Amino acid sequence: MVYLRPTMTAPVPAELALDRRTALPEDYTFLLMDHPRPTWEGHPNNGQWCQFWLARHNMFREFGEGLTDACKKLLAGEVEPKGFHEWFMTRVSFFLGELDTHHKIEEYHYFPLLTRSDARIGKGVDLLESDHHIIHELLRGAYDTIVALDGAIQEKPNEVMGLVPRMHDDLAALDVGLQRHLNDEEDLIVPLILERSEADLGMA
Ligand SMILES: [Fe+2]
Ligand SMILES: [Fe+2]
């Protein structure tokens, strides 16, 4: 369910790496001043693709928070390992698989489309692709822990609680990076869609 990602991305300034930046510079978000977040909902150019894409991002935000929270509850003894296992495993597998697919679709289809449509977004797209690589590494780490936790719950119950803090930390690190990435990706891409329309960009 987790794929190798062979593509290379252009280098981005070190201070703008996913784990270091706190916001995007204005020259990256060149249309955000004209199309700030409060104007997005109901904008005539906020079409079906954009609404679906933003809904997927919100789903990823909810999964990231919910799964981390579930680990906290298990650690606090608020849920039983067996009940946790049933609830957690299907959701975390779905989350990681869908996130990986989402990134691939962006990288292979929508990022090149956007860069061809407006060269000014090129360095922002390079940044987003570099984010994807960092998130992918976090995702692989979390996946390895999930496999270990799954095996422990089924066969070595006395090792479960020793693995849960690692699972929590892996998911929390993934969640922090993902939230930053989703916010910045939206600030880069949505204003361009609102400025030009999905049809004009070839997204409709
Ligand atoms: Fe992305
Ligand atoms: Fe995305």
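All figures in this text were calculated on a predicted structure; none of them were measured in a lab. Just follow the structure's listing: the first ligand is 1, and inside any ligand the first atom is 1.
In this structure His181 satisfies the ring-ring contact (aromatic ring centres under 6.0 Å, His included) test together with His103, His132, sequence neighbours excluded.
Side-chain rings of Tyr110 and Trp53 stay apart, their centers remaining 6.0 Å or farther from each other.
For the residue pair Glu106/His102, the side-chain donor-acceptor check at 3.5 Å is satisfied. Asn58 and Glu62 are not linked by any side-chain donor-acceptor pair at a separation below 3.5 angstrom, with hydrogens and angles left out of the test.
With waters neither drawn nor counted, the protein N/O/S atoms under 2.8 Å from the Fe ion (ligand 2) amount to 4.
By the 4.0 Å N-to-carboxylate-O rule, Arg56 lies close enough to Glu98 to be salt-bridged with it.
In this structure, Lys73 fails the cation-pi test against Phe84, since its NZ or CZ atom is not both closer than 6.0 Å to the six-membered ring centre and inside 45 degrees of the ring normal.
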